[in-house]
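Here is the structure we will look at.
Within every chain, numbering begins at 1; the chains are lettered A, B, ... in the order of the sequence lines, protein sequences first and strands thereafter. Remember, predicted model here, so these are calculated numbers, not experimental data.
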Amino acid sequence: MKRFLSLLICLLPLWACEEQKAELVVPPMPEAAKELAVSVQEVTSPGGVKAWLIEGHEAPVVALSFSFKGGQAYDPSGQNGLSSLTMSLLDEGAGDRDALNLRAYLENRAIGVSFDAERDHLAGKMHLLSSQKEAAFSILGEMLTKPRFDAEAIERMRAQFLAYLKRQEGDPQTEAIHAFFKQVFGDHPYGRPVPGTAEDMRALGKNDFKNLIRSRFAKENLQIAVCGDVTADELGQLLDKAFAALPESPDLPNLPDVIPQFDGKMHKIEAQFPQSVAVFGAEALPRLHDDFYSQYVMNYLLGGGSFSSRLMQELRQKNGLTYGISTMLVLLDKASLLMGTVASAQEKMPEALDRLTAEWQKMGEAGVSSEERASAVTYLTGAYPLRFASSAKTAAFMLAMQQYNLPPDYINDRNNYFRAVTKESIDQMARKILDPDKLTVTVVGNP
Amino acid sequence: MLFLRFFLCLFLLGVTPAQAGLFNPVIQKLKNGMTVAVVEHHRAPVVSHMVWYNVGAADEEPGKSGAAHFFEHMMFQGTSAMPGDSFSKRVQAHGGRGNAFTSYDYTAYFQNIAAQHLPMVMAMEADRMVNLSLETDAIKDEQRVILEERLTRYENEPTALLDERMRSALFFNHPYGRTVIGSMAEIDALTPDDLRSFYHSWYAPNNAVLVVTGDVKPETVFALAEETYGKIEIQPLPERKRRSAEAVPATARIMLPHPEVRQPLWRRLYLAPNLKKAGARKAAAIEVLADMLGEGSLSYLYRRLVMEEKIAVSIGASYQSDSALDSYLSLYAVPQDGRSLEELEAAIELELARFVEQGLAEDFLADTKERMVAGLAFLRDDIGSAGRILGRTLVLYGDPAPAEEWEGHIRGVTKADILEAFNTVFTDKAMVTGLLLPEGDAP
């Protein structure tokens, strides 16, 4: 119904009258509110392979997420991209099956497999129908222990990466991120571009890939999470099919510690685009620090929280300077950052950066309000069940928990940690992290 | 007999008994013409709540490109009961996540939130369906944001600039010939009255579809729909001018050199019939054809040109039958280092010419169809799928069958169907070729 502002015929003087404000009428929910209840089972296979499992039998689907510690940051000097190229080859031929045969085997059974190289981890995901459990875990075992690294596949994947890197060369967003990591981490491996460097990737060969598998795929540095239509007993057998043949211990090179350098300056790179892209940030606290949750809420209020964040409100909603500005916590094994990006028309970027700096400083000096704290905690705790809206999302969440060395109970304790965050602790985090002298920026454009 | 009576009762209640369809939705229509579909999903105590409006960029007046998308932005800028940006804030305050998107044929708004807050988001969407404030200042402020969005999606993305030119050539003087976001000049020229007129013309319950997926009973959703959306009156809709637009077949070639491009790219669009024009059988055949030609490393073009000839680094094909007007089959390819786009194009055309004789084998067809349907269970596992797929189907066709029966149509495609589909699409009479080049390079 169309509502019209109605003028009340008042018996009282006009100054006591109020125009009638339309009210939103929300009908009651007839069904009772349901709490998220998940329980993590720690499964150890007969062969000693460990995994976390959340069973769910509503759909005949199983999702697996796993990773080996030892990612792109461990690629030797001059071999930046070894991890990416190796992982891309795992589903391009295994055992007796060459690339096409393996692809047909997987696709005919609707087994979805993907591999990825992150800075700290070499990761894999599998999505399968529970009717294909045996086949899926067996073929995964072949991919991990008997990759073929056929010459044809190597050249094809290499060419794909080189074309991708060439395409990214001209992309302002990519350039800004690479420049930022280089600035902050210098010559440490974290400063190298992901997925790799073209020159290095041209020189890689079969022995390099084999060495990587041999040295980094092992049970000790392996973490696994499974969600879906499988029981703990069944999973035990399946884990052995995929992982039991791996060696016990990896042979990882040492990844040095690093202190990221934030010089508080703006670094500009020229490019001919009408819109400039900036990446900015400062050092943050690691995942297991006592104050992590306060830091997380602080980041949410600054720029992590979509439309309601300070930066979105100031730069987009109030001043129309950007389509999007956001911040996130980047939690690497050896360093933690609070990092953000913003894109703004060339001529508006100076103003955008000024306002960004002002908001950064303002939260650092004056902290947040109780209302902000309350709304952040309500959102973060209320949105938690959305992390479990599919088997794949659930498995990914459990893997992340393991990577951060959190215990299985965390999954049900998590909201309490956020509820315990106080306004004072958030303010303290802001003071500590949002130091304007540390805010470092890389800008790509024509500023 | 009891069984029969039970079924009869279900029909009288307007409930569809469970079948072997894709999502098996339960669907009802409110008295005001709004369609409400419910799909149960009990993995987590959450719901996906998605409203689709049967209006998009293709319904814009000439010279007012970007109106539908601009308007979508304004849906987040307040009603009397929920002023300013309190819509988004209220969703977030209840642990929900939401967004919206605009396309040529439809505009959709969704939230994922704990099931217990479903009544709230329904009341909020019903409110903004008819009570949007559309204040002049808010409109002017948002205009700046949209201009930035245009820069992010187009001026800063050479590939998108090429797509824009190709689309305008394939769909010349046609509602699909513009971008959804609009041109910089036309976005800038849109007035508050343009947006108000757009709103009052198209945003009505009889022009909307609701899909709710999640941990909730259908009867709960229908009851809540009556109490929220059900209170809004049916509204006359404008004459749908876009429905009669036909693309005029022609061939064009677009070359776009760009100073920041390092990696050349090749693309092509072939005009193709949509589901309505082709019919379910032929549309399914074109989908299977696109898959056989260019979906993944088992596809014909990939095997021939990437793996065997080594002239392309990657290659792909796709086709979408769900389109209110003419659709297209699109191809893209990236050349190997040292091979020109012209060489690549010649090779692609040669392989296409060979496909019917050499690529169209019975077992390849059978395998492709199996692969296409094998993963449907995954769609049911993800709470967002039904809203996206069923919503689009219901808003375009008013009938869930194209989605629910998709598997059967794909399975039924024969070799003869593929041949006919091939001859329909690859006529060379209605296609646009696009080349993205580093500045100063010859193709």
Side-chain angles (χ1 to χ4, degrees), chain A residues 1-3 21-31 33-34 36 56 58-61 99-100 103-104 107-108 110 127 129 152 156 159-160 162-163 166-167 169-170 172 271-275 306-308 316-317 320 322-323 343-345 375 378-379 381-383 385-386 388-391, chain B residues 42-46 80-82 85 88-89 92-95 97 112 114-116 118-120 123 127 130-131 141 144-145 148-149 151-152 155-156 215-216 220 224 227-228 231-233 259-263 297-298 306-307 313-314 334 336-337 367 370-371 374-375 377-378 380-383:
Chain A
M1 62 213 123
K2 302 282 185 191
R3 291 184 198 263
K21 180 177 180 284
E23 283 280 322
L24 192 76
V25 177
V26 179
M29 176 55 158
E31 294 181 32
K34 289 156 239 185
L36 176 75
E58 306 85 7
V61 157
L100 285 178
R103 178 70 37 209
E107 290 198 15
N108 289 344
H127 208 201
L129 301 168
E152 180 280 324
R156 187 159 42 86
Q160 215 168 277
L162 293 175
K166 217 172 173 188
R167 186 169 171 172
E169 251 177 71
Q272 295 178 53
F273 278 107
Q275 193 179 60
S306 180
F307 282 99
S308 61
R316 173 170 161 160
Q317 184 69 7
T322 184
Y323 172 55
S344 189
S375 100
T378 308
Y379 170 75
T381 53
L386 292 174
F388 303 93
S390 75
S391 312
Chain B
H42 299 286
R43 176 171 294 289
V46 297
S80 164
M82 304 275 308
D85 59 359
S88 302
K89 288 189 168 140
Q92 268 187 262
H94 289 80
R97 287 188 206 141
N112 292 339
Q116 69 200 84
L118 179 61
M120 182 189 81
D127 177 43
V130 287
N131 294 324
D141 286 345
R144 294 184 291 177
V145 173
E148 288 291 338
E149 186 181 351
L151 292 177
T152 300
E155 275 70 27
N156 261 38
D215 194 10
V216 68
T220 302
L224 290 171
E227 289 179 75
T228 52
K231 305 276 191 232
I232 304 171
E233 277 169 28
E260 295 291 347
V261 166
R262 313 272 186 277
Q263 174 60 56
S297 55
L298 293 169
V306 176
M307 299 185 86
V313 161
S314 59
V334 178
Q336 282 277 359
D337 200 24
D367 285 345
E370 269 312 310
R371 283 192 285 273
F378 297 128
R380 282 185 284 270
D381 181 59
D382 188 311
I383 201 175

Checklist line | Pairing residues for A/R316 by the salt bridge (charged side-chain N to carboxylate O under 4.0 Å, His left out) criterion, not counting sequence neighbours | finding: B/E142
Notebook entry, point to check: With respect to chain A, which residue among B/I383, B/N156, B/V313 yields the maximal number of heavy-atom pairs within a distance under 4.5 Å?
Noted result: B/N156
Notebook entry, point to check: For chain A, which of B/D85, B/L118, B/D367 has the most heavy-atom pairs under 4.5 Å?
Noted result: B/D85
Check: Out of curiosity, B/H42 NE2 to A/K34 NZ, how far, rounded to the nearest 0.5 Å?
Finding: 7.0 Å
Item checked: OG on B/S297 to CD on A/E107, rounded to 0.5 Å -> 6.0 Å
Taking all non-hydrogen atoms of both residues, which atom of [X] and which atom of [Y] are closest, and how far apart?
X	Y	answer
A/L24	B/A81	N-CB, 3.8 Å
B/Q92	A/S308	NE2-OG, 3.2 Å
B/N112	A/L386	O-CD1, 3.4 Å
A/S390	B/D382	CB-CA, 4.1 Å
A/L100	B/L298	O-CD2, 3.5 Å
A/V25	B/A123	O-CB, 3.5 Å

As an exercise: rank [options] by heavy-atom pairs under 4.5 Å with chain B and give me the winner.
options	result
A/S306, A/A389, A/P385, A/P60	A/A389
A/L162, A/L129, A/T381, A/V61	A/V61
A/E58, A/Q160, A/H127	A/H127

I'd like to know if the side chain of [X] reaches the main chain of [Y], judged simply by a donor and an acceptor atom lying under 3.5 Å from each other, with no hydrogens or angles considered.
X	Y	result
A/E169	B/R262	no
A/K166	B/D337	no
B/D381	A/A59	no
B/E148	A/A345	yes

Checklist line | Beyond-backbone contact of A/E31 with B/D215, side-chain heavy atoms, under 4.5 angstrom | finding: no
Notebook entry, point to check: Does a side-chain heavy-atom distance below 4.5 Å link A/M29 with B/L224?
Noted result: yes
Note to self: B/Q116: which residues meet the side chain to side chain contact (heavy atoms under 4.5 Å, CB included) condition with it, sequence neighbours left out?
What the structure shows: A/A33, B/A114
What part of [X] is in contact with chain B, defined as an atom under 4.5 angstrom from a non-hydrogen atom: side chain, backbone, both or neither?
X	value
A/P274	both
A/R167	both
A/S391	both

Under 4.5 Å from a heavy atom of chain A, the part of [X] involved:
X	result
B/T152	both
B/V46	side chain
B/A93	backbone
B/E155	both
B/T228	side chain
B/R97	both

Checklist line | Test log, rule side chain to side chain contact (heavy atoms under 4.5 Å, CB included), inputs A/F273 and B/E260 | finding: CA-CA 8 Å; A/F273 278 107; B/E260 295 291 347; 3.3 Å; yes
Margin query: Do A/Y323 and B/R144 pair up side chain to side chain, a donor and an acceptor below 3.5 Å, judged on atom types alone?
Written below: no
